[in-house]
Structures are given as C-alpha cells and as structure tokens.
J.: 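Dropping the structure in here first, questions after.
Predicted model, so just to flag it, every value in this text is computed and none were measured. Chain letters run A, B, ... following the sequence lines, proteins first, then strands; residues in each count from 1.
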Amino acid sequence: MTTLHALGQQSLFALEMMAVLAGALSGVLGALRQKMDLVGICVCGFLTAFGGGVVRDILIDRRPFFFVEHQGVLIAVLAISAGSAILVGRRGLESGERWLQVPDAIGLGLFSATGAHLSLTLGQPPLVAVMMGVITGSFGGVLRDLICNQIPVLFSDHRPYAICAAAGAAAYVVLSTSGAAAELSIAACVLVATGLRLPAIRLDWRLPPTGTA
Amino acid sequence: MTTLHALGQQSLFALEMMAVLAGALSGVLGALRQKMDLVGICVCGFLTAFGGGVVRDILIDRRPFFFVEHQGVLIAVLAISAGSAILVGRRGLESGERWLQVPDAIGLGLFSATGAHLSLTLGQPPLVAVMMGVITGSFGGVLRDLICNQIPVLFSDHRPYAICAAAGAAAYVVLSTSGAAAELSIAACVLVATGLRLPAIRLDWRLPPTGTA
Amino acid sequence: MTTLHALGQQSLFALEMMAVLAGALSGVLGALRQKMDLVGICVCGFLTAFGGGVVRDILIDRRPFFFVEHQGVLIAVLAISAGSAILVGRRGLESGERWLQVPDAIGLGLFSATGAHLSLTLGQPPLVAVMMGVITGSFGGVLRDLICNQIPVLFSDHRPYAICAAAGAAAYVVLSTSGAAAELSIAACVLVATGLRLPAIRLDWRLPPTGTA
C-alpha cells in the first residue's frame with residue numbers, strides 16, 4: 001500500500017512536471033511570435049510555467065514560491081526555454097503545438113486542485129477557492145499575453161478553458177468540504193477539468209455569445 | 001443618536017456598493033469593446049470593481065482582501081458582470097455610460113479616504129498615504145485598461161481624476177493627522193474629491209499640457 | 001578609516017540617487033512618447049525609478065518599500081518627473097537620452113547587488129538570488145513599457161542588459177557565499193554588470209539570435 005501510494009505520488013509529480021514544461025514551451029512560442037530575444041523568451045517561458053502559482057501565492061500571501069523551493073525545476077524551465085528557442089525554433093514548436101494541449105489540459109486539472117486546496121486551507125469562502133483554482137490553472141498564459149502586448153487569449157477566444165478549471169475546482173471544493181479524502185477530491189477535479197477541456201478542444205466548443213447589440 | 005449613526009453607516013455602505021457596481025459595469029463595457037468572452041467580461045468587471053483595493057492591499061501587505069471577506073459582494077459583482085453583458089450588451093451599457101460617472105465620482109471620494117486611512121494607520125508618511133488613496137480610488141480602471149491592451153485612460157486623457165482623488169486624500173491626511181474625527185475626515189475627502197470630479201466632467205476641465213516641444 | 005568608510009557610504013548613496021533619477025527621466029520620456037498627461041508622466045517616472053525594487057519586495061515579501069522609508073526621494077522623483085516634462089519636454093529629454101545610459105548602467109550594477117543580497121539573506125537558492133538581482137536592476141523599465149502598452153524593450157531589443165545584471169549578480173552570489181566582505185562583493189557586481197553594459201552600448205553588442213526558422 002505504501003509502495004502504491006509512493007508510486008501515485010511519483011506519477012502525480014511526473015504529470016505536474018510535464019504540464020509545467022508544456023507551459024514553458026507555450027510561453028517560448030508566444031515570445032518567438034513577438035520576435036523577442038533570449039531574455040524575453042526565458043521570462044515568457046518562466047511566467048507561463050510558474051505565473052499562475054506566483055499570482056495565487058501573492059494573492060493568498062504565501063511564500064516560498066514553488067520555483068524558490070525547487071531550484072532544479074527552475075533550472076529545467078529556463079534551460080528548456082532557451083534550448084527550445086535556439087534548437088527547435090518557432091516553426092518546430094508550432095508543428096508540435098497541438099500536442100502540448102494534452103499535458104496542458106492535465107495540468108489545468110492538477111493546478112486548479114492545488115489552488116482550491118490552498119485557499120480552503122486558509123479558510124477562504126468557496127467561491128474564492130474556485131477563483132484561486134482558476135488563477136493557479138490558467139493565469140500563467142495571461143501573464144504571457146500581457147508581456148507579449150496582446151489581449152489575453154483566456155479572456156477573448158470564446159473557448160472553454162477557465163470554465164473547465166472552475167468546474168474542476170468547484171468539484172474539489174464540494175468534495176473536500178464534504179470530508180472526502182484528498183486523493184478523491186484531486187481525482188475529481190482532474191476528471192472534471194481535463195475531462196471537459198479535451199473534448200472542448202476536439203469538438204471546438206464555444207462559450208455562449210455576449211450581447212454586442 | 002445611535003440610530004442616526006447606524007443610518008449613516010448603512011448609507012455609507014449603500015454608496016460604496018453603488019460605486020463598486022458602477023466600477024463593475026465600466027469593466028464590462030471595456031471588455032465588450034474588446035469583444036472579450038464571458039470569462040474576460042467577468043475578470044474585467046471584477047478588476048475594475050475590486051482592483052484598486054487589491055493593488056493597495058498588496059502594496060501595504062494587508063489581508064484578507066475585501067472580496068474575500070464579503071463573498072456576497074463578490075457574487076453580486078460577477079453576476080452583474082455576466083448578466084449585464086448578456087442581457088444589456090454593449091449598446092445598452094454605452095447609453096447609460098454617462099450616468100455611471102456619478103456613483104463612480106462618489107466612490108472616488110470614499111475609496112480614496114479608505115486608502116489614505118489604512119496607510120496612515122500603518123504609520124506611512126503623508127505623501128504615501130495620499131498615493132494609497134489615489135491607488136484605491138482609481139487603479140481598478142488601470143488594471144481594466146492593461147487587460148484590454150490599452151494605455152490606461154487614467155494616465156492619458158488629460159482630465160482630472162487621479163488629481164481629484166489626490167486632493168481628497170490630502171484633505172483626509174491633513175484633517176486626520178490634526179486629530180479630526182473619522183467621520184469629518186471622510187466627509188471632507190468625499191467633498192473635495194467628488195466635488196472636484198463632478199464639475200471637471202461637466203465643464204470638461206483639462207490638466208495643464210506637458211512639454212512636447 | 002571611519003571617515004573613509006562614511007565617505008564611501010555617501011558616494012554609494014549619491015550614485016544610487018543618480019541612477020534613480022536617471023530611471024525617472026527614462027520613464028518620463030516613455031510617457032511623453034505616448035502623449036500621456038501629468039498623471040501618467042508621474043506614474044511612469046515613479047515606476048521606472050522604483051518599480052524593480054517594488055516587484056522584488058513583493059516577490060520576497062519584504063516591507064516597507066524604499067520609497068515608503070525615504071519620502072524625500074519619493075518627492076524628488078515626482079517633482080523631477082513633473083518638472084522635466086513641463087520644463088524640458090520630449091525633445092529636450094531625447095537630446096540628453098544617451099547621457100542617461102551612464103548613471104543607468106551604474107545603477108544596474110548597484111541594484112543587482114542589492115537584489116541578490118536581499119535574496120541570499122532570506123536563504124533563497126543561488127539562481128533565485130541572481131533572478132532577484134536582475135529584477136531589481138532592470139524591471140522598472142518593464143513596468144514602464146507595460147503601462148506604455150509596448151513589448152518591454154528588456155525582452156525584445158536583442159541587446160545585453162538583463163544579461164549584464166545576471167553576470168554581476170552571479171559574481172555577487174559567488175563572492176558573498178564564499179565569505180567575501182560585502183564591499184568587495186558589491187564592487188565586483190558593479191564592475192561586472194556596469195563593465196559589461198557600457199561597452200555593450202558603445203560597441204553595439206547583440207544577443208545570439210533565436211531560431212525563427
């Protein structure tokens with residue numbers, strides 16, 4: 001049982017690392033599209049990979065940041081950002097862009113669970129916990145777009161992303177406040193968030209239109 | 001007397017809520033002009049309504065945020081943001097836009113007083129207290145404009161807004177450090193800030209031009 | 001010896017103030033180029049002068065900010081921002097722009113040392129200390145560009161600036177963790193960062209190109 005638990009922990013960490021690196025590559029691609037230099041590429045990779053957690057930690061006043069505690073992951077993100085920009089380049093990254101959506105969608109579920117969990121731990125109300133889940137899961141891309149001088153895709157592409165994170169985080173909040181085990185609540189969050197996001201991409205779902213009359 | 005005091009507190013809260021909702025609607029309009037989706041509309045409504053206080057609280061390292069303490073107001077802001085975008089739409093909001101300037105101008109005075117008050121409570125120097133008043137009263141719109149990928153109106157429309165907040169906050173700081181009662185200091189801040197802002201709109205006052213020679 | 005030490009401290013403070021004011025003027029120029037009003041000019045001057053330290057202090061959760069502790073410097077920055085915009089104007093500032101690069105390059109070294117120092121004091125790992133040095137030395141301009149609705153020059157001009165700060169901060173970290181005296185570590189940081197930045201400007205060095213294939 002302990003071995004099984006340890007195996008579960010390791011799988012979780014491996015999934016999170018895949019999602020972090022998918023975020024970094026998405027940031028690098030955004031930077032390359034704006035013809036940024038190596039500094040901008042590393043900052044964009046860093047912000048897209050770690051930015052959601054950094055914004056959440058600033059809002060809930062929590063330190064140290066993940067990247068401060070795990071210097072190894074920070075080094076990996078910066079090295080992969082610079083390396084992929086130099087060795088792979090924009091066209092290469094674009095050709096693999098759609099494959100990044102799978103680890104990204106898994107990360108959306110995992111990070112939303114983390115954000116909701118930390119918020120509930122502080123005694124914050126349910127809706128705030130859902131917001132913190134959404135921010136953790138999706139605001140790395142918002143920071144990338146701000147730096148790239150563009151309206152954040154998260155706010156303007158009319159496709160479900162933050163909504164998937166919100167649904168997953170809501171599932172987490174309901175289960176967790178009902179006394180469910182942490183593993184079950186996390187699994188439910190990933191199932192809902194990732195399980196909504198993947199078909200949303202595949203079937204090109206759209207958000208309801210807003211009145212522009 | 002106690003009844004009168006309670007009545008005053010309730011009126012103050014009602015005025016603040018009107019100003020918060022006017023902020024949310026201004027954010028929704030900004031988001032609709034950028035053709036954002038429902039997620040962007042809610043984020044813009046949220047940031048314009050609560051953003052000034054959030055920036056101030058991050059700067060003075062104060063928690064919990066207002067929206068964390070008052071989940072009901074958070075729900076109202078998000079519901080009104082989504083609802084007004086779907087039911088009223090851009091044209092409808094634009095037709096009422098000038099009427100939003102009155103609760104907004106009252107909020108400018110009230111929130112500037114709050115910011116200056118919290119800063120003084122921490123023992124910060126007078127000019128910083130004025131800055132915190134200005135930020136509380138006017139930086140929600142700055143966050144809205146950043147998200148909407150535009151140069152903040154607050155910094156570029158050559159009309160008095162931050163200046164009105166600064167004058168009100170300065171009145172608050174002078175009275176408060178002279179030992180005046182809180183009610184008197186707040187009233188003076190609103191009188192000065194709102195009392196400058198309303199004629200500034202009506203009479204189209206401009207800031208002095210800056211050298212572009 | 002005490003007199004010599006005091007003289008050193010005073011020189012250091014004078015150099016820092018020159019760098020802060022050079023930052024303010026660079027912010028004013030950015031604001032004038034965007035035709036901002038007096039409020040935008042003061043905010044841009046403030047952010048470029050103090051913004052790197054503010055971002056670092058938010059990230060490492062340190063208060064009070066430098067400008068809160070030194071109201072006199074805050075007054076000077078705001079007065080020089082407004083005054084230079086009105087009295088000197090855009091053309092005047094542009095004609096002196098290249099001379100600002102010298103105090104700015106000295107500030108790059110000094111502020112990078114400060115950031116790395118504060119980070120190490122908190123027990124943060126070496127790479128994070130270098131990052132905090134770079135942020136302190138160079139993120140004022142990033143905030144200026146965000147407010148001016150432009151892709152930050154720091155991320156896109158393909159010229160060494162953050163890299164110089166990183167090299168200086170790395171020198172600081174190596175010396176400081178080897179037990180060198182603070183004065184020596186600071187001097188090394190300035191020598192490396194400023195000593196790379198000045199020839200980089202003069203000889204128009206470029207960063208290695210990134211794959212846009």
Side-chain angles (χ1 to χ4, degrees), chain B residues 34 54-63 108 118-120 122-132 134-135 137-139 141-167 173 197 200 205-213, chain C residues 27-47 50 54-55 57-59 61-79 81-95 143-151:
Chain B
Q34 299 296 325
V54 167
V55 171
R56 176 206 62 216
D57 283 353
I58 290 174
L59 292 177
I60 68 175
D61 208 11
R62 177 178 175 271
R63 300 291 187 288
L108 188 68
L118 289 170
S119 175
L120 287 178
L122 292 170
Q124 293 185 335
L127 183 58
V128 174
V130 171
M131 273 180 58
M132 293 301 159
V134 173
I135 288 170
S138 65
F139 267 50
V142 171
L143 295 183
R144 174 200 60 208
D145 296 342
L146 283 180
I147 291 289
C148 288
N149 200 24
Q150 295 189 314
I151 293 182
V153 172
L154 186 74
F155 303 155
S156 57
D157 73 350
H158 294 264
R159 286 185 174 83
Y161 192 88
I163 300 278
C164 305
V173 168
R197 176 62 184 160
W205 290 350
R206 304 292 174 122
L207 294 177
T210 50
T212 51
Chain C
V28 169
L29 188 48
L32 285 173
R33 283 184 176 136
Q34 298 296 327
K35 304 196 191 305
M36 286 193 186
D37 56 31
L38 262 183
V39 172
I41 285 162
C42 286
V43 171
C44 261
F46 172 88
L47 282 177
F50 297 118
V54 167
V55 170
D57 283 352
I58 290 174
L59 292 177
D61 207 12
R62 178 178 176 271
R63 300 289 186 291
F65 295 124
F66 181 83
F67 72 88
V68 173
E69 277 188 302
H70 298 89
Q71 194 189 206
V73 184
L74 174 61
I75 292 172
V77 160
L78 295 180
S81 296
S84 66
I86 294 172
L87 301 176
V88 183
R90 178 174 159 180
R91 293 242 178 103
L93 284 169
E94 272 172 347
S95 71
L143 295 184
R144 174 200 61 207
D145 295 343
L146 284 179
I147 291 289
C148 287
N149 199 25
Q150 296 190 313
I151 293 182

J.: CG/C:Leu74 to CG/B:Leu127 distance, rounded to the nearest 0.5 angstrom?
T.: 4.5 Å

J.: Quick check on C:Val68 against chain B: is it the side chain, the backbone, both or neither that has a heavy atom closer than 4.5 Å?
T.: both

J.: Report the option among C:Leu93, C:Asp57, C:Val39, C:Val54 that has the most heavy-atom pairs separated by less than 4.5 Å from atoms of chain B.
T.: C:Val39

J.: Please find the pair of heavy atoms, one from B:Phe155 and one from C:Met36, that lie closest to each other, and give the distance.
T.: O-CB, 3.2 Å

J.: Measure the spacing between CZ of C:Arg63 and CD1 of B:Ile60 and express it to the nearest 0.5 Å.
T.: 9.5 Å

J.: Can you name the closest pair of heavy atoms from C:Asp37 and B:Ser156 and give their distance?
T.: OD2-N, 3.5 Å

J.: Rounded at 0.5 Å granularity, tell me how far CG in C:Asp61 sits from CG in B:Asp61.
T.: 5.0 Å

J.: Is the closest side-chain heavy-atom distance between B:Asn149 and C:Asn149 below 4.5 Å?
T.: yes

J.: C:Phe67 versus chain B, heavy atoms under 4.5 Å apart: side chain, backbone, both or neither?
T.: both

J.: Do you know which of B:Ser119, B:Pro126, B:Pro160 has the most heavy-atom pairs under 4.5 Å to chain C?
T.: B:Pro126

J.: At what distance, to the nearest 0.5 angstrom, does CD of C:Gln71 lie from CE of B:Met131?
T.: 10.5 Å

J.: Below 4.5 Å from any heavy atom of chain C, which atoms of B:Leu146 appear? Answer side chain, backbone, both or neither.
T.: side chain

J.: Which bit of B:Leu59 is near chain C, if near means a heavy-atom gap under 4.5 Å: side chain, backbone, both or neither?
T.: both

J.: Please find the pair of heavy atoms, one from C:Lys35 and one from B:His158, that lie closest to each other, and give the distance.
T.: O-NE2, 3.2 Å

J.: Between B:Arg206 and chain C, with a heavy-atom cut-off of 4.5 Å, which part of the residue counts as in contact: side chain, backbone, both or neither?
T.: neither

J.: Is B:Ile58 close to chain C through its backbone or its side chain, or both, or neither, when contacts mean heavy atoms under 4.5 Å?
T.: both

J.: Given heavy-atom pairs under 4.5 angstrom as the criterion, report whether the side chain, backbone, both or neither of B:Asp145 touches chain C.
T.: neither

